[in-house]
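Taking it in order: structure first as structure tokens, then the write-up.
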Amino acid sequence: MDRPTATRTAADMREAAALDLTACDREPIHIPGAVQPHGLLLVADPQTRTVVAGAGELEALFGADWLGCSLDLLLQQDVAALAAAVSAGPGGTTLAAPLGHYDVALHRAGAWLLAELEPAGAARRSAAETLTWLDAITAGLERTGTLASLCERAAAAFRALTGFDRVMIYRFLDDDAGCVVAEDRDPALDTFLHHHFPASDIPRQARALYVRNRTRVIPDVDYVPAPLRPAGFEATDLSDAAVRSVSPIHLQYLRNMGVGASASISIVKDGLLWGLVACHHSTPRLMPRDVRAVAAALASALARQIRAREEADDYRERLALRSEEDVLRPLLLAPGASADGGLVQVLRTRADDMRRMFDADGFAVVRGGAVLVESGTLPAPDALADFARWLSARNDADAFATRELATEWADAAHFGAHAGVLALRQSDEGDLLIWTRIEHVEEVEWAGNPHKAVPHDPDAPLRPRTSFESWSETVRGRSRRWTLEQVEAARRLHRLLREARTAAELRRLNRDLERTGAEKDVALAQKDLLMREVDHRVQNSLQLVSSFLAIHARDAGPGAVADQLLEARSRLSAVALVHRRLYRDDQIETIHLSRYLGELLDDMKTSLGDDWARQMSANLAPVLIPTDRAVNVGLVAAELVINATKYAYPGGTGPIDVVLEQHRNRLRLVVADRGVGKSGDRVGFGSRMMAAVVQRIGGEIEYLDNGPGLRAVLTAPIEE
């Protein structure tokens, strides 16, 4: 028989689901005011443990006087210690000792202490048998290779445990609808495998209770609720009570499916409801508390295996994406990739790999309205440019991802069949990397028409669906989903591209800096060469003048003229010596004053003759001084030595000591003799020249008694 079909967009489905949920979420299913008649409920004061209300056939078990009795007396045990261990809220349940054929559990509900009694199973497994069975089943689950095979084996295990006609592994989807991913059933029953169920079938407050209570049983869908009595306790919160009465809408829903009894075991992964183990039986069937406890333990083991499979799948996908990034990284960071085009060239060369990396149908790079790179099937260039302008105007994160572009962009029709988009915006450069996926038309098989019974009137009575015949629906307008790993990989790629552009810009700046540095080095070398040439020429000129002065002094013979010529030659030697050192050394900004003065004294010894040379001594400390200041100090030193030779020992020779010292940032030059000392106030050319030089270097000169002789002391800063 052909199944009815319909075509709807994803947006239509969301609108219908919203209507369903708005209606169904109004029902207060946690305060039904009644219990299922297979169990009993006692409501007591937690302090006095006096029973104040109850539900079910209490008279059959406790007699007519149960109301007002002590809970200890009714349950035939000391409840005080157990009651103290019961905490309010989810999980606040403790088991008491059985009472006859009933299992007993205690809960806290607001200000009350609840005791619920359920029929115990006819045959209980021992703890060893239960653990052995669970260990074997868990080992089988661990051996499965895929999520699908894991769920199939789990469905068979739950059916063997519960004995129900049909057991389904029901998974919640992103839109809160559900899908049967595995099934184990009586061959006489129709299948619900791969059928979808709308979100309204399990409203929000029911999903919350499935997380709070991991097992839920309805032994007979045709039961008559047993209300809480006496009146006034209808609003008691029965969230944690296993015998809590069920919504009449849900009971009718099950009857419409042809179900006589049902049970649900929650699959909770990381604190969230991943899905349910849904059990259906065609006739009434009880699931005792001990079986429910084993089922809950098995569901926890299943949740752990589901998490392991999903994490393994995520890891494999993440590893594949990382491998592609590792190939791309050296290409983007290579010296050949530059900010003005090299990166685009790398993306153009690797365009097909970039498209396959994200399992996309198309890949493009758009800049300024122009498509620079393209691979695969893409929308028209004008549509890509329009999308780039639209996305640039949004204040989004660097990565934009959607499987339903029409829900984000009003002009999505320009993209044609491309419903999925993953985009990276390089805001600094204006580039946009776009991956597209073509619309994935889905054939969704529903268990009945999920839209037929949607109540559009919010005040209308709630009613369940009446048909669960297979009903197919074609869903359009969305592509395959972008996974979280793909979106995160896109963000990493965005950071890599930014890093590549930064590296390229740094390389460009370094090249410019190196070129500027090389040009500066060439200019400095040329300047140094020119300075050496100038110094060399000046030195030759000074040497020539010095030779002329020596010749004229020799020709003049003994007398005042010859002495003056020799003094001029000594002063000139002080200047010429600096130029000789500049020409010889690489360092021209500074000079070693001690070495310079030593060579200057050697030249003066040569010009003054051997008699004076034997009388002169020097004790010079190493001092580094700017070249121009060294010339000035040399002129003063030469003048002081000449004065000592002229006036200290009239008509003869005698000792002359030259000392150079440094104290912090100042120098001290001493020229001392042991002659007749200073007599008179002679101020000749030499004295005037020396005073001018001392003033120029910011120093001062003192003439002290050397006992006997004269001690001339020059003190000056080493630098200006």
Side-chain angles (χ1 to χ4, degrees), residues 309-334 336-339 341-367 370-381 383-385 387-388 391-392 396-405 408 415-440 478-504:
R309 298 298 185 282
E310 291 180 344
E311 288 178 349
D313 292 342
D314 293 345
Y315 175 76
R316 282 191 289 269
E317 182 179 13
R318 191 159 53 247
L319 187 63
L321 290 168
R322 288 282 190 178
S323 299
E324 294 292 336
E325 294 170 35
D326 291 342
V327 173
L328 196 59
R329 175 178 289 275
L331 298 176
L332 292 175
L333 297 179
S338 61
L343 293 180
V344 173
Q345 182 58 38
V346 171
L347 295 176
R348 183 178 293 114
T349 303
R350 306 284 300 183
D352 291 341
D353 294 329
M354 295 287 288
R355 174 175 53 83
R356 288 190 290 266
M357 176 180 177
F358 291 96
D359 190 23
D361 298 308
F363 169 69
V365 178
V366 180
R367 176 189 293 175
V371 180
L372 303 182
V373 179
E374 54 184 321
S375 172
T377 304
L378 287 164
L384 289 172
F387 173 75
L391 189 60
S392 298
D396 280 344
D398 297 326
F400 170 84
T402 180
R403 67 182 301 208
E404 299 177 60
L405 185 58
E408 303 281 349
F415 262 41
H418 296 267
V421 175
L422 174 63
L424 288 181
R425 183 173 57 195
Q426 300 294 108
S427 56
D428 296 339
E429 298 79 16
D431 292 353
L432 189 69
L433 279 64
I434 304 175
W435 290 265
T436 63
R437 283 178 176 173
I438 295 176
E439 174 189 49
H440 179 63
R478 63 188 182 193
S479 68
R480 302 184 312 279
R481 187 179 303 280
W482 304 101
T483 65
L484 293 177
E485 283 71 23
Q486 289 171 337
V487 175
E488 183 57 33
R491 292 194 176 98
R492 289 196 302 270
L493 180 59
H494 177 271
R495 293 191 291 269
L496 176 59
L497 288 171
R498 181 178 296 172
E499 180 183 350
R501 293 182 184 276
T502 301

Legend entry - Arg403 backbone acceptor or donor facing Arg481 side chain under 3.5 Å: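 Not at all, since once roles are kept as given, no pair shorter than 3.5 Å links the two residues.
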To the nearest 0.5 Å, tell me how far [X] [atom1] sits from [Y] [atom2].
X      : Y      : atom1 : atom2 : answer
Asp431 : Leu424 : CG    : CG    : 11.0 Å
Glu499 : Arg492 : CD    : CZ    : 13.5 Å
Leu331 : Thr349 : CG    : OG1   : 8.5 Å
Arg425 : Leu432 : CZ    : CG    : 8.0 Å
Arg322 : Tyr315 : CZ    : OH    : 10.5 Å

Inset, instruction - For Glu311, check side chain to side chain donor-acceptor pair (under 3.5 Å) against everything at least two apart and list the hits. - result: none
Give the minimum heavy-atom separation between [X] and [Y], together with the two atoms involved.
X      : Y      : result
Glu374 : Ala351 : O-CB, 4.4 Å
Ala423 : Phe387 : CB-CE2, 4.1 Å
Val487 : Trp482 : CG2-CB, 4.2 Å

Answer whether the closest heavy-atom distance between the side chains of [X] and [Y] falls below 4.5 Å.
X      : Y      : answer
His494 : Arg498 : yes
Leu328 : Leu493 : yes
Arg437 : Leu422 : no

Legend entry - Those residues that, when tested against Ser323, pass side-chain contact (heavy atoms from CB on, under 4.5 Å) (two or more places apart): none
Legend entry - side-chain contact (heavy atoms from CB on, under 4.5 Å) partners of Glu485, counting only residues at least two apart: Asp314, Glu317, Arg318, Leu321, Thr483
I'd like a table of donor-acceptor pairs (distance under 3.5 Å, sequence neighbours excluded) in which one partner is a side-chain atom from residues 353-366, with atom names and distances.
from   : atom 1 : to     : atom 2 : distance (Å)
Asp353 : OD1    : Arg356 : NH2    : 2.8
Asp353 : OD2    : Arg350 : NE     : 3.3
Asp353 : OD2    : Arg350 : NH1    : 3.4
Asp353 : OD2    : Arg350 : NH2    : 3.1
Arg355 : NE     : Ser375 : OG     : 3.1
Asp361 : OD2    : Ile438 : N      : 2.6

Inset, instruction - Only counting residues at least two apart or in another chain, list the ones meeting salt bridge (Lys or Arg N to Asp or Glu O under 4.0 Å) with Glu488. - result: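 Testing Glu488 for salt bridge (Lys or Arg N to Asp or Glu O under 4.0 Å), a comparison that skips the adjacent residues, returns Arg491, Arg495.
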Legend entry - salt bridge (Lys or Arg N to Asp or Glu O under 4.0 Å) against Glu408, all qualifying residues, sequence neighbours excluded: Arg394
Legend entry - Given Leu405, Thr377, Ile434, the one that forms side-chain contact (heavy atoms from CB on, under 4.5 Å) with His418: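 The option that passes is Thr377.
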Legend entry - Trace of the salt bridge (charged side-chain N to carboxylate O under 4.0 Å, His left out) decision for Arg316 with Asp313: CA-CA 5 Å; Arg316 282 191 289 269; Asp313 292 342; 2.4 Å; yes
